[in-house]
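Single-structure report; data block below.
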Number of protein chains: 2
Amino acid sequence: MYRAKDIMMAGSEGVKSVRRALDLLILLGASDDGLRVSELARQAELAVSTTHRLLTTLESQGFAQSDPETAVWRVGRTAFTVGQAYGRRRSFIAPALPYLKRLRDQTQETANFGILDGDWLVTVSQVESRQIVRAISPPGGHTPVFCSGMGKALLATWPDPEIIALAARTGLRPMTPRSLTSIEAVLADIARIRRRGYAVDDEEHIQGLRCVAAVVWSPTGEPACAISISGLAARLAPERLEITGTQVRDAAHQLTEHLGGQAPDLFARKT
Amino acid sequence: MYRAKDIMMAGSEGVKSVRRALDLLILLGASDDGLRVSELARQAELAVSTTHRLLTTLESQGFAQSDPETAVWRVGRTAFTVGQAYGRRRSFIAPALPYLKRLRDQTQETANFGILDGDWLVTVSQVESRQIVRAISPPGGHTPVFCSGMGKALLATWPDPEIIALAARTGLRPMTPRSLTSIEAVLADIARIRRRGYAVDDEEHIQGLRCVAAVVWSPTGEPACAISISGLAARLAPERLEITGTQVRDAAHQLTEHLGGQAPDLFARKT
DNA sequence: ACATCGCTTTCCGGTTTGCGGAAGGCGTGC
DNA sequence: GCACGCCTTCCGCAAACCGGAAAGCGATGT
């Protein structure tokens, strides 16, 4: 008899049924109007009966719910409740909202709030622009650090060797033709960010979307999170970046003070 | 060989490992500072090795994350992302925030936003009071409908027989000594709510906390959600309820208009 | 009216794979 | 230096998960 684990461990960590159930949850979360069992089974590459069994299990705990009329499945209440715990840990989200709102009103663009989680930048909250045409990268989303204005603003607080190490470990994962593709370009941009006090994402994450970001510091002198303004490249033109950058930087500064935080001297840590 | 399912189906629906993994997720979500494996195993009544295996599975999908320094486990990024989908479906959350804020400023108390999900009232969002002493029932939480101001405000839009049916199906699930305990008391309160246009929760959910709520209508004439003001009973005294009720009702009315919704004539549906 | 299709939901036997006791390893306190 | 508590890994047994199949069910077309 052969050791099943030994040959099938490739890329498949942990308990199979649990992994599959979580996959289903992720698919449900990514869909806006819910999914039927068969469609879900297709996307997850599972047998329909298996999908159905896992869904009812998710349902019994409130993580999924099915509309009995239409047999459409959606994310359930418990998933929401549990997810909130992720944000609750960063207690500075609530106080940030007024500052985001003011930024939104100053700039007429969408204001975002993000944190670093491992090698991703997670957009935790946002205050939407009132413009009719606006780009939406919804809260809860995540972006490779190097393709995000907020991500780069946070990276700029790290010593260079750690940035290089991160890049080596995860790659730059470019998302558009304008994403940074070499570590040299990253370091040059980082240097610029340290000098100016704000970061610019020039259509590096989503084509047609520019973004200006700055760091907020915690009371312990750690970079806590970042805030940014994002808008259509057509509206957020190059000549507007400098004034917007100042506004974002100032807002970040005010939020830092409100939180009782402080930036290390000159904020540029030497290697 | 006996049919295992037949004898152990009591209270245990679905796939065992998945159910256990979700239990762990719920426990993680309920803890503020994360939990160690052994503590989690104790709370979930599982073997430590089983707990660990399930946790690493959750981790591989980003639903849990462990701090490698301290071996403390927390809710992960993916759980947050998936949970957001629950709120995204109700697209009226974002537009509601300005109205909540105005209400908060008018009343100096915490403003809440809730929806009905099955027989629970889910608090989806809130704008916190600036008072030093304030009660917190954090967003993401859920309350039996009959013990919630927002819940009762929404119930009041139902025909009486449906309210009675719901009460029969789920019970009233009182939470404090002042919670309603008879269907007669509920119907009397509901009648009062219909007459006044706002609901009052008089320490029926949490002792020492009063709450005033009103319904917001969707464009299709359905009750969409409810908003409320909640504050310490000492501050939200009986003589203040009437004026607060008017403010909440007006805010709900404005939000309804903003959403393009409309209340059915006189809003009291006959049986 | 009937047949066909596509879907959800339930059932059940074979065997995959999840379970948990035990052991290894690490840090801490006595 | 020993003992304790904790996290993590290992492995054989058998519990329970998987998925094909079939039963319902509603809609659509002939």
Side-chain angles (χ1 to χ4, degrees), chain A residues 1-25 27-28 31 33-61 63-74 76, chain B residues 1-25 27-28 31 33-61 63-74 76:
Chain A
M1 188 223 292
Y2 67 95
R3 193 75 319 103
K5 263 188 185 172
D6 295 344
I7 63 163
M8 61 149 298
M9 255 318 188
S12 61
E13 203 138 350
V15 178
K16 183 155 87 173
S17 51
V18 173
R19 210 174 52 239
R20 290 171 159 188
L22 297 178
D23 281 342
L24 291 178
L25 257 187
L27 286 171
L28 284 181
S31 113
D33 317 298
L35 293 165
R36 336 274 306 282
V37 174
S38 54
E39 176 59 21
L40 210 39
R42 210 165 297 134
Q43 291 190 22
E45 300 182 349
L46 293 175
V48 175
S49 59
T50 303
T51 306
H52 186 259
R53 182 163 14 83
L54 292 174
L55 280 175
T56 53
T57 307
L58 288 168
E59 185 180 34
S60 76
Q61 311 278 68
F63 279 81
Q65 51 193 197
S66 77
D67 181 339
E69 305 283 307
T70 59
V72 164
W73 291 79
R74 304 173 196 283
Chain B
M1 190 220 292
Y2 68 95
R3 189 87 308 105
K5 261 188 183 170
D6 296 343
I7 64 164
M8 61 148 299
M9 255 319 187
S12 62
E13 203 137 350
V15 178
K16 183 158 82 173
S17 49
V18 173
R19 210 174 51 239
R20 289 170 158 189
L22 298 178
D23 281 341
L24 291 178
L25 213 43
L27 286 172
L28 283 181
S31 114
D33 318 297
L35 292 166
R36 336 274 304 282
V37 174
S38 55
E39 176 58 22
L40 211 39
R42 210 164 298 137
Q43 291 191 21
E45 299 181 350
L46 293 176
V48 175
S49 59
T50 303
T51 306
H52 186 259
R53 182 164 12 84
L54 293 173
L55 281 175
T56 53
T57 307
L58 288 167
E59 185 180 35
S60 76
Q61 312 278 70
F63 279 82
Q65 50 194 198
S66 76
D67 182 339
E69 305 282 309
T70 60
V72 164
W73 290 80
R74 305 173 195 281

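Here is how names work: the chains are called A, B, and so on, in the same order as the sequence lines, proteins then strands, and each is numbered from 1.
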Provide the closest heavy-atom pair for [X] versus [Y] in the form atom of the first, atom of the second, distance.
X	Y	result
B/L27	B/L35	O-CD1, 4.0 Å
B/Q61	A/R19	NE2-O, 3.3 Å
A/A21	A/L54	N-CD1, 4.0 Å

So, is [X] near the phosphate of [N], with a side-chain N or O under 4.0 Å from OP1 or OP2?
X	N	result
A/R20	D/dG19	yes
A/H52	C/dT8	no
A/T50	D/dC18	no

- Message: Closest approach to the side chain of A/S17, judged atom by atom: which nucleotide of C/dG18, C/dT8, D/dC10 is it?
- Response: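 Of the options given, the side chain of A/S17 lies nearest C/dG18.
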- Item | Closest nucleotide among D/dT8, D/dA21, C/dT8 to the A/V48 side chain |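 Of D/dT8, D/dA21, C/dT8, C/dT8 is nearest to the side chain of A/V48.
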- Task: Specify the residues of residues 34-42 of chain B, ordered by number, for which at least one heavy atom lies under 4.0 angstrom from an atom of DNA chain D.
- Result: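 Close to the strand are B/R36, B/V37, B/S38.
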- Query: Any side-chain heavy-atom pair from B/T51 and B/L55 closer than 4.5 angstrom?
  - Reply: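 Heavy-atom side-chain distance check passes, below 4.5 Å.
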- Does the side chain of B/S17 come within less than 4.5 Å of B/V15's, by heavy atoms?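 Yes, side chains in contact.
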- Item | B/S49 vs A/P68, nearer the 5' end of DNA chain C by closest nucleotide |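 On the 5' side of the pair lies A/P68.
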Which whole-number value in Å describes the distance from [X] [atom1] to [N] [atom2]?
X	N	atom1	atom2	value
A/E59	C/dT8	CD	C1'	13 Å
B/E45	C/dG20	CD	P	12 Å
A/R53	C/dT17	CZ	C1'	13 Å
B/K16	D/dA15	NZ	P	10 Å
B/L54	D/dT9	CG	P	14 Å
B/L55	D/dC6	CG	C1'	14 Å
B/L46	C/dC19	CG	P	9 Å

- Query: Which value, rounded to the nearest 0.5 Å, describes the distance between B/E59 atom CD and B/H52 atom NE2?
  - Reply: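 It comes to 8.0 Å.
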- Item | From CZ (A/R53) to CG (A/L46), nearest 0.5 Å |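 One gets 10.0 Å once the value is rounded to the nearest 0.5 Å.
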- Is any NZ, NE, NH1 or NH2 atom of the basic residue among A/R36 and A/E39 found under 4.0 Å from an Asp or Glu carboxylate oxygen of the other?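 Between A/E39 and A/R36 there is no salt bridge, as every charged N stays at least 4.0 Å from the carboxylate O atoms.
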- Message: Five pairs per end, C1' atoms only: what is the angle between the end axes of the helix from C/dA1-D/dT30 to C/dC30-D/dG1, to 10 degrees?
- Response: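 Overall, the helix from C/dA1-D/dT30 to C/dC30-D/dG1 bends by 30° from one end axis to the other.
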- Item | A/F63/B/L25 under side chain to side chain contact (heavy atoms under 4.5 Å, CB included): CA gap, chis, key distance, verdict | CA-CA 10 Å; A/F63 279 81; B/L25 213 43; 3.9 Å; yes
